[in-house]
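Right, one structure below, let's go through it.
Note that the structure is predicted; figures quoted are calculated from it, not measured.
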Amino acid sequence: MSSVAVPFYQRRHKHFDQSYRNIQTRYILEEYAARKSHEQKSHASDEKRIRFASELSALEKEIHTARHRAREHLDRLAVQRMVEENMALERHIIEETISRAPEILVRLRSHTVWEKMSVSLCFTVQGFPTPVVQWYKNEELIFPASDPTKYRIESKYGVHVLHINRADFDDSATYSAVATNIHGQASTNCAVIVRITIGNALIFSCIVPLSYDVCFTHIDVQFLEKFGVTFATEGETLTLKCSMLITPELKRLRPRAEWYRDDVLIKDSKWTKLYFGEGQAALSFTHLNKDDEGLYTLRMVSRGGISECSAYLFVRDADALIAGAPGAPMDVKCHDANRDYVIVTWKPPNTTSESPVIGYFVDKCEVGLENWVQCNDAPVKVCKYPVTGLYEGRSYIFRVRAVNSAGISRPSRPSDPVAALDPVDLERTQTVHVDEGRKIVISKDDLEGHVQIPGPPTNVHASEISKTYVVLSWDPPVPRGREPLTYFIEKSMVGSGSWQRVNAQVAVKSPRYAVFDLAEGKPYVFRVLSANKHGISDPSEITEPIQPQDTIVLPSAPGQVVATRNTKTSVVVQWDKPKHEEDLYGYYIDYSVVGSNRWEQSNHKPIKYNRFVVHGLETGEKYVFRVKAANAVGLSENSQESEAVTVQAALTCPSYPHGITLLNCDGHSMTLGWKAPTYSGGSPILGYYMDKREANHQNWHEVNSSLITRTIYTVKDLTEDAFYEFKVAAANLIGIGQPSDPSEHFKCKAWTMPEPGPAYGLTICEVRNTSVVLLWKAPVYEGKSPITGYLVDYKEVDAEDWITANEKPTSKRYLKVTDLHEGHTYVFKVRAVNDAGAGKSSEISEPVLVEERPGTKEIYSGVDDEGNIYLAFECKEATDASHFAWGKSYEEIDDSHKFKIETEGNHSKLYFKNPDKSDVGTYSISVSDTDGVSSSFVMDDEEFERLMALSYEIKNPTIPLKSELAYEVLDKGEVRFWIQAESLSPDSTFRFVINDKEVENSDRHKINCDRPNGIIEMVMEKFTIDNEGTYTVQIQDGKAKNQSSLVLIGDAFKGVLAESELQRKEFLRKQGPHFSEFLHWKVTEECEVLLSCKVANTKKETDFKWYKDGSGVEVVELPDLQKGECHLSIPKLSRKDEGIYKATLSDDRGHDVSSLELSGKVYDDIILALSGVSGKSASPLKILCTEEGIRLQCFLKYYNEEMKVTWSHRESKISSGEKTKIGGGEDVAWLQIREPTEKDKGNYTFEIFGSKESYKRTLDLSGQGIFLRSDLYYRGKVIGGLPDVVTIMDGKTLNLTCTVFGNPDPEVVWFKNDKTFEIDEHYAISLEQGKYASLTIKGVTSEDSGKYSIHVKNKYGGETVDVTVSVYRHGEKMPEIKPGQLAKPRPIPPSEEVLKPQAK
């Protein structure tokens, strides 16, 4: 809440919206119209004017009389008020002398009465003010109105009586009376016993009177749950809660809950809502802004005192609407409001990573509207701005936006509403209260007489001076008259001699005005004129010269910044104030993790003090801090950074020990154990002090004068069978901490039970989401037999039954309890077991929440640069007093021969000195003075072997090699041996060894070393048969060594030798014309096979020739050898093109040949390549009707029957036969289907296979017209009977007979030599039954020799069968004829009518 007092007229003003202003405007207009009409009428008649003057005179007399009476009444009221004040003062003095808390003079007395008798309880009390008395029955308030026949209460002259009418058995109770006034409370009580008789038996109520007085003078407030430091973001909602226990809980005497922000009381508002009830106080924020940041305090105020709790609320900036824009300004307030003018102020935002703020925009909005209007065209650089142009009587709210180079910030929280009113108006009005509730309102306007032209304003001065504007203030003229005043301001630059009116367009109604557009550094003088409807006054007195300049400058940077430890997540930062701290808004604090160079804002609202607690830091991290000051001009430079500080808790006394347990007793001494404090206070615990006392004794006695260094101690010289209790306190360098709670009463009696005593030191560590690890120490008292194991029990806090975690007792003193429920709270205990059974339980542990803490660290393993194996652990929560306790099998490690522990800061390492198989096991660590930080690590065989191998590599280093020793044959036949290491230092050495003999650098063995790249090489110029053997390179670099060998013996050596000789020959070959690329083939897109080669080192005289199978190949054009490429084209490849192709080069420098055998696999590969190219060009399948049936065709760029193609029908492969035939031409592949039937319907697929992929074309022949109709079966046919050749001797009769078929019946025509012939006696033709056709030739002669044809046809087609007739003469040898050969028919296509598609 703001500490700036709001003017009284602003508090009383109601901020109405636009609708109200519309009504008011209408009223003013009506009043103005009425006045106008009245003036016109008065001017129209002199008589009316005279009457009006007389009435006005009478009115003035009446007002004068009323004022006289009002003054008399005011004087009487003043005298009366003075008397009342004096009486009140005297009464207060008297009351102060006699005021006191209630005091009971005569207390209540207990009564025993018979049933149905009445009883009166009386007591006397005094006090001032007069105490209020309440009666209670068994601590319940008595309400007489609830049972008027039973209770009656009287109070006279300090004597208070409770009458109980006709008492019965239920009235037996304890009755209390409580007297209360503002100074305190007093109480008294008594018992009432009602006797009843049943027969001769006498029965008493068993009510016993209270043995103490009920006194509620002090109300105790105990906070159960407090709100803590809170972090939130602008725009969010938030509730701060605090639950409490109020004792006693009295409805009429409840404490008062008060919330404060930075010691300013908070009230219910639009932004904050308060709640108190049912043991809880809450403060809710409906929409957070940075204005809400601060220290919040809840104070519970009662007459007995004040209880309070405090915590800081941090409110971060919401995400900027534009990246890099600044945060929003805050704390927008309005000052010096007038009729058309108000000054708006605000506080600047902090900037860390954003660019600096260069100015601000101020927006205004009328109350009740949502239309925000920007007030300034250019950003204002100072956090203060005079807003003009307001409408009188209207209410406004304001907001501010910051601007930097990136953009504009979000708007600030709107200010409280402010009304455009003149405070002088209320001062000019006086209200006089008269009798009977009447009142008279007197205005100074009525008393100042008739003022026509107003006088000049007075006291013109500059109330505020800035670099960009000057605010002028003045006093209105006296008297000012009844008419509304306006003002005109004039300015003049000193020495210019001319005046310029500033507000020529708009008249000013307020005695304030901000003058802008002034020349920087030039002095000005000002004057003001007042005006009303009658005219303008004379100018006011001229002001003193005023020069626009900033009266406030940027603050200097704060001084030295000191950061000190506070808690595990906070640091106290203090700094020296700037040299000039006037007009400061406060300070901003930034922090940064050391080394990150990234600054974060701590507070987002300026604080006024030079000490601040920075919260939300990470434990164990190092931070530096800086501070900057803020005022209306902006932010200062950053202060120097503080020294780095590690976030840790400050040094304090240790917390209290707990869990005191009796471990053994022999009748004269007791052995006690306890648990160390949870926190050591930042310093190691030096020891413990113990006190004891016997039961029912008040005084404690010191047990030890010197510190106890362990958490177990035997107290001697005790009295047998006596009861004792103990308490323990821990001590460190700071001092002695709080003692523990007293233990339970232990009886000093010797233990003789056969079972073991309790285990002690129960510790819970490694709390994870579903498991915990328990550690404990063995009992001091073992019982009658040795301990054989331990049982661990656990349960949830609210459960009744205990669960045993291990069915069989464990011999170890630790156990991991698993299968727990995440987020549940458990308690644990341990029982030792021997032959007699389970012994006493240990002390029950504190409740443990089974949930892994965020940021939990685990132990990790590694090997350092020296090859030492270690386990490491990091704990950022560790303090200077923390101890890293390493253990194996949860037993603390103290073997210095096997292990070494090194701890530095918040890191600790456990080194293995001589690791061996015995080091396999479970290792643990716990960190003291933390909130139970612990971890474990299982070193199994696999992990141990891995670490040992890594350690060996580090202790016995080898030079890492990128490449082992290898060889390569160079162009001239030289052999290069080389090896490459990861890196080699300048001091590294090496040597080459061949067959156990070191070789030196020479012409024969050229040895070189490129150490920056780690390459060592040896080049042998002549590699001969004598160089067979083993090659070795040995390298040493410091302690690291390595070597690599290469064996070249037998086939391996022969391969290198052959490659060397080949390269040497190649080198010689390339000295003359040669082939740089040997002869090879490729297939073009036009399906031509191209034999190609590349040549090099040619000249004009070089001769190039092509050969096939030793014969020269004629080419149309010789290749241009200067282009370096030669080609031979083979179009339409076929088997005839197989052979051996050669290309030759020759000139005077030499000869070179390249050959290619185009046969076998090479030929097949070319065909595959041709198939691939041709397959890409395959057309869709097409149908061709032929005489034999249907032909499916696929057209290609090139087709060869040797190409791998398949035809399929309904996914079944088709092969050539009588029904189907596969074939093709140069550019087509086809499938012939003879006499297609219904079975031939379906999908047909043609697939051609290339070298990498295949290409398919598919056609569906279902429903393709007549060619697939079943009627084709009924075309005209010659079923059989005719041979293809007939030989007959002349003079004989020849009869050619055959069977024909067709539906409908076919037409039969006979031809001789493809011509029809006439039927006569020599030739006879017949057709019997429509199917037996015959041709008879009687007396054949040699002229009858020739080709005879029968033509059988119907509308579906037909066929022609040819027969050759040969006639020989008598005596000639008959020609030989091959038997069984029938004439082959030739098909006849169907008629055009049938070829037309049928309608479906």
Between Arg565 and Ala650, what is the shortest heavy-atom contact and its length?
O-CB, 3.8 Å
Check whether any side-chain heavy atom of Asn696 lies under 4.5 Å from a side-chain heavy atom of His745, and answer yes or no.
no
Side-chain (Ser882) to main-chain (Val927) donor-acceptor, under 3.5 angstrom
no
Is the backbone N or O of Met753 less than 3.5 Å from a side-chain atom of Tyr781, with the two atoms forming a donor-acceptor pair by type?
yes
Write out all pairs satisfying ring pair (Phe, Tyr, Trp, His ring centres under 6.0 Å) with one or both partners inside residues 798-823, taking only residues at least two apart or from two chains.
Tyr814-Tyr890, His821-His824
Below 3.5 Å, can you tabulate the donor-acceptor pairs from side chains in residues 783-791 to any protein atom, sequence neighbours excluded?
| residue | atom | partner | partner atom | Å |
| --- | --- | --- | --- | --- |
| Ser785 | OG | Asn834 | ND2 | 3.4 |
| Ser785 | OG | Asp835 | N | 3.2 |
| Thr788 | OG1 | Val833 | O | 3.1 |

For residues Val933 and Arg853, determine if any side-chain heavy atom of one lies less than 4.5 Å from a side-chain heavy atom of the other.
yes
Take the angle between the ring planes of Tyr591 and Tyr623 and call it parallel below 30°, perpendicular above 60°, tilted in between.
perpendicular
Side-chain contact, heavy-atom cut-off 4.5 Å: Ser842 with Trp776?
no
Kindly state each residue pair satisfying salt bridge (charged side-chain N to carboxylate O under 4.0 Å, His left out) with at least one member in residues 889-903, sequence neighbours excluded.
Arg813-Glu891, Lys898-Asp916, Lys898-Asp919, Lys900-Glu902
Contacts of Asp691 that satisfy side chain to side chain contact (heavy atoms under 4.5 Å, CB included) - sequence neighbours left out:
Trp700, Glu702, Lys727
Distance-only criterion, 3.5 Å: show the donor-acceptor pairs between side-chain atoms of residues 651-661 and protein atoms not counting sequence neighbours.
| residue | atom | partner | partner atom | Å |
| --- | --- | --- | --- | --- |
| Ser655 | OG | Thr678 | N | 3.4 |
| Ser655 | OG | Tyr679 | N | 3.2 |
| Ser655 | OG | Tyr679 | O | 3.1 |
| His658 | NE2 | Glu846 | OE2 | 2.8 |
| Thr661 | OG1 | Gly659 | O | 3.2 |
| Thr661 | OG1 | Glu843 | OE1 | 3.4 |

Would you say Thr239 and Ser284 are linked by a side-chain donor-acceptor pair, where the criterion is simply a distance under 3.5 Å?
yes
The side chain to side chain donor-acceptor pair (under 3.5 Å) partners of Lys568 (sequence neighbours excluded) come to none
Member of Asn664, Thr671, Asp666 meeting the side-chain hydrogen bond (donor to acceptor under 3.5 Å, both in side chains) criterion with Thr714
Thr671
Would you please say whether a donor-acceptor pair under 3.5 Å links the side chains of Ser740 and Trp674?
no
What about Phe912 and Phe899, are their ring centers closer than 6.0 Å?
yes
Under 3.5 Å donor-acceptor, Lys876 side chain and Glu621 backbone:
no
Sequence-distant partners of Asp717, side chain to side chain contact (heavy atoms under 4.5 Å, CB included), two or more places apart:
none
The complete set of salt bridge (charged side-chain N to carboxylate O under 4.0 Å, His left out) pairs with one or both residues in residues 754-768, sequence neighbours excluded, reads Arg768-Glu858
For Lys226, is there an ion pair with Glu308 - N to carboxylate O distance below 4.0 angstrom?
no
Which residues pass the ring pair (Phe, Tyr, Trp, His ring centres under 6.0 Å) test with Tyr724, not counting sequence neighbours?
none
Once side chain to side chain contact (heavy atoms under 4.5 Å, CB included) is applied, do any residues pair with Arg316, and if so which ones, sequence neighbours excluded?
Phe231, Thr233, His604
If you compare all heavy atoms of Ile859 against all heavy atoms of Leu871, which two are closest, and at what distance to 0.1 Å?
CG2-CB, 3.9 Å
Partners of Tyr296 by side chain to side chain donor-acceptor pair (under 3.5 Å), sequence neighbours excluded?
Arg261
Ile869 vs Met948, test: side chain to side chain contact (heavy atoms under 4.5 Å, CB included). Steps then yes/no.
CA-CA 8 Å; Ile869 299 174; Met948 288 294 290; 3.7 Å; yes
Taken in chain and number order and not counting sequence neighbours, the residues that satisfy side chain to side chain contact (heavy atoms under 4.5 Å, CB included) with Glu140 are none
Tell me if the aromatic rings of Tyr713 and Phe726 count as close, with their centers under 6.0 Å from one another.
no
Decide whether Thr903 and Ser908 meet the rule of one side-chain donor and one side-chain acceptor closer than 3.5 Å.
yes
Please name the residue in the list Thr763, Leu774, Val827, Val772 that meets the side chain to side chain contact (heavy atoms under 4.5 Å, CB included) test with Ser845.
Val827
Can you tell me if Lys808 has over 12 outside heavy atoms packed within less than 6.0 Å of its NZ?
no
Tell me if a side-chain donor or acceptor on Asn806 pairs with a main-chain N or O of Val792 at a distance below 3.5 Å.
yes
